[in-house]
Amino acid sequence: MVTCYRFGTPIETGAVVKKCIPEKELFPHKVEGETISFTFAVEEEDQVFGLGENVRGMNKRGWTYTNYAFDNPNHQEDTHSLYGAHNFFVLAGANYVGIFVDFPGEVTFDVGYTNRKELKVTVQGTDFDVYYIEAGSILKIVKEFRGLIGTSYIPPKWGFGLGQSRWSYPTEADVLEVARQYKECDFPLDSIYLDIDYMERYKDFTVSKDNFPDLKGLAERFAKEDLHLVPIIDAGVKIEKGYDVYEEGVEKGYFCKDADGKDFVTAVWPGRTHFLDVLNSEARAWFGDFYKRLLDLGIDGFWNDMNEPSIFYTERGLKSIMDAFDEIRGKENLDLDVWFAFLGKVGAVSHNPEDHKLFYHNMDGKLVRHDKVHNLFGTYMTKAAAEAFEKYEPDKRILMYSRSSYVGMHRYSGIWMGDNKSWWSHLLMNLQMLPGLNMVGILYTGADMGGFGSDTTEDLLMRWLAVSAFTPLMRNHSSKGTRFQEPYRFAEKDAIRGLIQARYKLIPYLYSEFVKCAKRDDMMFRPLCFDFPQDRIARNVEDQLFVGESIMIAPVYTQNATGRNVYLPEPMKLIRLGVNEDLVGVDLEVGWHYLEVPLTDILVFIRSGHLLPLGKAVDRVSKLSDEDIILLGQDGCSYEYYNDDGYTKEIDLEKSMKLLTKGR
Ligand code: MIG
């Protein structure tokens, strides 16, 4: 049952598509100036799930999360904010209740941090909606919530293939070399990414003439081999005379304005930039049209970056640094207090929320200060692209994912998990982020495989491959300045090929499950206790997940481990993928099992009563064929299998599914 409450006069965020009539009476809450807070009692054994893209475990108890989109490359245990703001959680105790706070500014969730027995929500504003959902289980609550926020984005099927990325492959020659190496190693691959250097001096919708003299030709040649190029688009528009996106945007008044009504100046990659006024629908339609330039070159996938929006510096910030320098200039001795105060001022220049108070959006006639709607930027920038794709490619799905997001984003695109590091702890953290994202409908997601920042190692990449093999988005991406981590850089080529091929064999199942979860408002990645709420051991398992209806995964995420303990809440059949493939498998009973997991292997646990359809190893998604599918699991079981041409937007799930039954 959904109950909704309205505080003040909220700004329409677009998160909820199925509105309900607000109650006449509000629930108990506390007003303090411009903030409103409310609390929930949390019993000793209660659990809290959700909050989308955030650090820490699946059960969110014991920390405080500030949902205010932040370009934060430090995803650590003590981090409070990442790129997204997903204000939905489920409190699971004697009863189950789901809460969604629809507010586009800052909201803090103190989940037993200040007081272990209390969950306190603090909204930095007085105008918002709260949805209160009660049902008999976590999964039922999630389903009801997803019903409110609409159907999830479904990418083209090639978006399930492996993507190879790096910041950057700056020239055509670099891109061709990636393709060549993959081919030489016989590694499957579906896409190669273009990071900011493909542009002319970081100007959106331009292509560097020197580095990519014929992008269209390259895209065409790749298309013949079913390879896709996926360019990045940034949120900041470079201020430069003669650059048409800038000039037209100024002329039409489509950029965010400062308090004096002048185009707000900020700085990101290209130096001085303007921000598109993403909340102005005309501005959005205008910006979206520029994606067509790249569509016309044969591009059919994009990633939207820096759309928290990220700010390197503003004039205010620069001035504060200059002032800080002036303060220490000529001083003979800088003691601890002076030195750290100085460093603090310098450090505060980037991504400073004070800057968010300096610019305004024109929400179709209504002027709104940015900090009040900050969390919407990424979603609305991406909505601009999604609406353009609808217009220019009505019959074809385009690959799209964004870095920043708010609830509602899942209707337009996926997200990637941002700038993680090549750390073992991040392998686990990224696994733990999956359920929270699925809860808000974000199904198309994955982490930078191998880690974005810092240097990866061969064994970390291999273990990461064994996890990314299950995430809808599977992309190897790494930062400038770090060790190159394309799979062909490492020695164990046969083993690595086996891991990538395992992914391709899983795609028929993953794609089928993805579309089913999207259409039925279900979660693809579920903690064990979502399916087994009464199981006292399952509730504590934070490193295993159900993936779709038929399988469970229990990856290794510690270096030098040769195996791990795995908990089974029900009997399952264990099979192994990779070079030592074993599809006959072993039947395992309920309970704990210590299992050997060499670097070469991917363990898949098939649930009793379910089947896993497995495809053949191919080097492109386009080469997968239903003819090749074999069914693993118990004889006599059935599986509802969905497949399509990988592009169609007309999906009638119930009509198109085929019931596959395994013979005796
Ligand atoms: O400030 O475009 O998260 O994936 O490679 C860094 C360069 C900007 C951040 C993205 C990352 C991308 C990088 N970008």
Side-chain angles (χ1 to χ4, degrees), residues 53 55 69-75 79 81-84 163-171 174-175 178 191-208 211-212 229-238 266-271 273 275 294 301-313 317 347 349-352 377-378 381-382 399-405 409 413-423 426 429-430 433 445-456 464 468 471 473-486:
E53 190 180 28
V55 299
F70 181 20
D71 173 1
N72 184 359
N74 300 310
H75 308 178
T79 294
S81 314
L82 292 175
Y83 315 88
Q164 180 57 57
S165 186
R166 170 87 182 173
W167 174 23
S168 288
Y169 301 125
T171 67
D174 296 309
V175 170
V178 173
S191 55
I192 300 178
Y193 280 72
L194 301 178
D195 208 322
I196 45 177
D197 300 290
Y198 81 89
M199 294 182 245
E200 198 73 70
R201 302 295 312 152
Y202 314 127
K203 283 181 284 181
D204 278 339
F205 311 112
T206 66
V207 178
S208 159
N211 295 344
F212 289 90
L229 282 169
V230 188
I232 195 170
I233 303 292
D234 273 5
V237 174
K238 183 170 194 204
T266 172
V268 212
W269 280 116
T273 50
F275 282 145
L294 290 156
F302 300 88
W303 45 313
N304 279 348
D305 192 17
M306 308 298 276
N307 50 11
E308 291 69 34
S310 181
I311 293 181
F312 288 173
Y313 59 88
V349 74
S350 291
H351 318 302
N352 191 320
F377 199 99
M381 175 194 176
T382 306
L399 182 71
M400 177 79 245
Y401 56 91
S402 165
R403 195 169 67 180
S404 185
S405 60
M409 168 65 111
S413 88
I415 67 159
W416 87 98
M417 294 169 178
D419 298 347
N420 62 1
K421 293 215 161 66
S422 300
W423 293 350
H426 277 186
M429 181 192 71
N430 287 148
M433 253 185 223
T445 187
D448 287 350
M449 182 171 74
F452 175 75
S454 76
D455 297 328
T456 204
W464 215 309
S468 300
T471 58
L473 167 62
M474 186 200 206
R475 178 180 76 149
N476 180 325
H477 182 49
S478 56
S479 176
K480 237 186 187 83
T482 64
R483 180 181 189 179
F484 286 96
Q485 64 182 41
E486 293 79 8

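Both counts, for ligands and for their atoms, begin at 1 and track the order of listing.
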I'd like to check whether [X] has a polar contact with ligand 1, where a contact means an N/O of the residue lying under 3.5 Å from an N/O of the ligand.
X	answer
Asp448	no
Asp71	no
Trp167	no

Only heavy atoms of [X], strictly under 4.0 Å: list the atoms of ligand 1 that pass.
X	value
Trp416	3 (O), 4 (O), 10 (C)
Met306	1 (O), 8 (C)
Phe452	4 (O), 5 (O), 11 (C)
Ile196	2 (O)
Ile232	2 (O)

What is the nearest protein non-hydrogen atom to [atom], stated with its residue, atom name and distance?
atom	value
atom 4 (O) of ligand 1	His477 NE2, 2.9 Å
atom 14 (N) of ligand 1	Asp305 OD2, 2.8 Å
atom 3 (O) of ligand 1	Asp419 OD1, 2.5 Å
atom 12 (C) of ligand 1	Asp195 OD2, 3.4 Å

**Q.** Trp269, Tyr193, Trp303, Phe312: member with heavy atom nearest to atom 8 (C) of ligand 1
**A.**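 Among Trp269, Tyr193, Trp303, Phe312, the closest heavy atom to atom 8 (C) of ligand 1 belongs to Trp269.
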
Q.
salt bridge (Lys or Arg N to Asp or Glu O under 4.0 Å), that's the test. Do Asp197 and Lys480 meet it? Break it down for me.
A. CA-CA 11 Å; Asp197 300 290; Lys480 237 186 187 83; 3.5 Å; yes

Q. Can you tell me how far the OG atom of Ser402 sits from the CD atom of Glu308, to the nearest 0.5 Å?
A.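 Between atom OG of Ser402 and atom CD of Glu308 there are 7.5 Å.
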
**Q.** From Arg475 atom CZ to Arg166 atom CZ, the distance as rounded to the nearest 0.5 Å
**A.** 12.5 Å

Q: Could you label the plane-to-plane angle of the Tyr193 and Tyr401 rings as parallel, tilted or perpendicular, counting under 30° as parallel and over 60° as perpendicular?
A: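 The rings of Tyr193 and Tyr401 sit tilted, inter-plane angle from 30° to 60°.
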
Q | Parallel, tilted or perpendicular, as decided by the 30° and 60° cut-offs, for the rings of Trp269 and Tyr202 | A |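 Tyr202 and Trp269: tilted rings.
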
Q: Heavy-atom distances under 4.0 Å are what count here, so tell me which part of Tyr202 touches ligand 1: side chain, backbone, both or neither.
A: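 Answer for Tyr202: neither.
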
Below 4.5 Å, heavy atoms only, C-beta onward: do [X] and [Y] meet side chain to side chain?
X	Y	answer
Arg201	Pro270	no
Ile233	Leu294	yes
Tyr198	Tyr169	no

Q | Lys/Arg-Asp/Glu bridge criterion (N-O < 4.0 Å) met for Arg403, Asp71 | A | yes

Q | Lys480 heavy atom under 4.0 Å from ligand 1 | A | no

Q. Hey, which of Asp448, Thr445, Leu473 is the one that makes side chain to side chain contact (heavy atoms under 4.5 Å, CB included) with Met417?
A. Thr445

